[in-house]
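Everything numeric here is computed off the predicted structure, so don't read it as measured data. Every chain is numbered from 1 and lettered A, B, ... according to where its sequence line falls, protein lines coming before strand lines.
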There are 2 protein chains.
Amino acid sequence: MNHVPVQGAQVVSRIAGLLRIVGRKPEGSSLVELVRESGLTRPTVHRLLTSLASEGLLDHSARTGSWVLGPEILLMGSVASARFPLEDIARPSLRRLAGETGESAFFSIRRGAETVCLLREEGSFPVRSFVLHEGVRFPLGVASAGTAILAFVPEHEQEQILADWPTHAGQFADGHPEAVVRASLHQTRQAGYSVNPGLVLEGSWGMGAAVFDQAGRPAWALSLTGIEPRFREDRREFLGRLLMEEAHRINGRLQPATG
Amino acid sequence: MNHVPVQGAQVVSRIAGLLRIVGRKPEGSSLVELVRESGLTRPTVHRLLTSLASEGLLDHSARTGSWVLGPEILLMGSVASARFPLEDIARPSLRRLAGETGESAFFSIRRGAETVCLLREEGSFPVRSFVLHEGVRFPLGVASAGTAILAFVPEHEQEQILADWPTHAGQFADGHPEAVVRASLHQTRQAGYSVNPGLVLEGSWGMGAAVFDQAGRPAWALSLTGIEPRFREDRREFLGRLLMEEAHRINGRLQPATG
DNA sequence: CAGTTGTGTCCATAATATGGATTGAATCGT
DNA sequence: ACGATTCAATCCATATTATGGACACAACTG
């Protein structure tokens, strides 16, 4: 949880943190889980959650006891997406990717030093990975989407992240030694697309391509995931070309996500 | 702003209020506007906005000075919509409605004693009303969507709202005397669809049909808007039938929005 | 260039959120 | 069947934290 409250109102920071955690999993989170992840005390978390729920920002499933994003978030999200017409712009590409490859296709956005999965389109192939779904966050440089984006970020920003790699990578530091990441970034710049050979979860492979905003910055990514046998050498070129083709169609059509 | 902070954390209530106000207009709101609408003092609003922006929940356009919903809202909205697959379920109906009628079509949700516009699909007819768009809220019973929903709400809830109609209707009380609303509700129950003969804005007509959730409650609505000549008597039956047909397709397919 | 309107910042004060402690409910293991 | 364990909910004295009056500044306006 590397969020530095900037000034004043740290309640805002706490609330935002809780919302983010709840928003990571569509099925929601339990109180203890939120206490653990947020680092706050139980009474505080409980009170904030209750208040947020009474405002409609969260929902509390009495049955399972889990907290999920509420209807007001849905409403606001609907308004926010007027500025980012993802369904219109990215969805068709995901449909084509999933359709032509059979794998599951994803659309992610860069948020600071993270990527967040925004859209998912299931493929037809019967074995599917559920590591990635809407709301899942990875540090930049981890997983195919984050690698595709980081590879095309300005060098000084890249170095900033790599300089303190273990901290940045957090729980993924083990499976992603700095040298491997650097090599992967280099490879990505060469090929134009990234390959994640099951580093996040063994056997669960992925490939990604960066999508650039109007200002030419890598702000989004398309990616595919599936099991290892579907990402063998001979198929990679085909998948990579497809990803880059679709990324190219979206390039420049989405506003930069400032902030 | 009829929001009663339930317990504890009233900052949450303030924050939620601000987010709601910002979320009413896709183009965002200015600081003064937010101060006026929220009833808070300027420094407080400013501090909260700044904090919210630093968390990515809002964006601050330095150029226009207006505050808009930020990328984090988009992300969370994307996750929340996994629970309410509006694009999959409601969008096709809107496309058909707009396509077959030429008018603009809308999908709204009931939130407590309000309706909130969630989706908009522009029609082809060259004169279009922009009274209704994503994020716009009306008191239940005002505008065609709110009338369609209120008409099928359990009678005691209906009476609860009508009992204190002027307060509930707020700025719309003038154009919507209680007697007119009662008649309109009755009419809606008879026909199955609602008609708003330009009560919100003269010349801007609308028609709506309620959509019921799995529990059989009127929780959503489809509606059409356009100018008066397009809603003359002879065309209303056609539009009403179309609305009800599409509403019927969606009925029961959307979860109830608890809270 | 004085008047107006809107934005941004400071800081003493008071109000508000905090969290340790307690109780209650539910699930588990033997 | 029952103590042990885990999780949820609530209370309330305390001090941390948000508050808003006052001030400063910038951008228009007539």
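Legend: residues meeting salt bridge (charged side-chain N to carboxylate O under 4.0 Å, His left out) with E121(B), ordered by chain and number and at least two apart, are R91(B), R95(B). The salt bridge (charged side-chain N to carboxylate O under 4.0 Å, His left out) search around R253(B) returns none, not counting sequence neighbours. With sequence neighbours excluded, the residues satisfying side-chain hydrogen bond (donor to acceptor under 3.5 Å, both in side chains) with S204(A) are S129(A). Contacts of E159(B) classified as salt bridge (charged side-chain N to carboxylate O under 4.0 Å, His left out), with partners at least two apart in sequence or in another chain: R182(B). Among residues two or more places apart in sequence or in another chain, the salt bridge (charged side-chain N to carboxylate O under 4.0 Å, His left out) test is passed with E122(B) by R120(B), R128(B).
L49(B) places its CG atom 12 Å from the P atom of dT19(D), with the value rounded to the nearest Å. The interatomic distance linking R42(A) (CZ) with dT22(C) (P) rounds to 14 Å, in whole Å. L31(B) has its CG atom 5 Å from the P atom of dT7(C), to the nearest Å. Rounded to whole Å, atom P of dT17(D) lies 16 Å from atom CG of L48(B). Taking atom NE2 of H60(B) as the reference point, atom P of dT7(C) lies 8 Å away to the nearest angstrom.
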Atom pairs under 3.5 Å: protein N/O with N/O of nucleotides 19-21 of chain C:
| from | atom 1 | to | atom 2 | distance (Å) |
| --- | --- | --- | --- | --- |
| dG19(C) | OP2 | T41(A) | OG1 | 3.2 |
| dG19(C) | OP2 | T44(A) | OG1 | 2.9 |

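For H46(B) and dG8(C), the shortest distance from a side-chain N or O to OP1 or OP2 is below 4.0 Å.
Proximity of a side-chain donor or acceptor of Q158(A) to a complementary backbone N or O of L150(A) within less than 3.5 Å is detected.
Where V32(A) and V12(A) meet DNA chain D, the nucleotide closest to each residue was compared, and V32(A) sits on the side nearer the 5' end.
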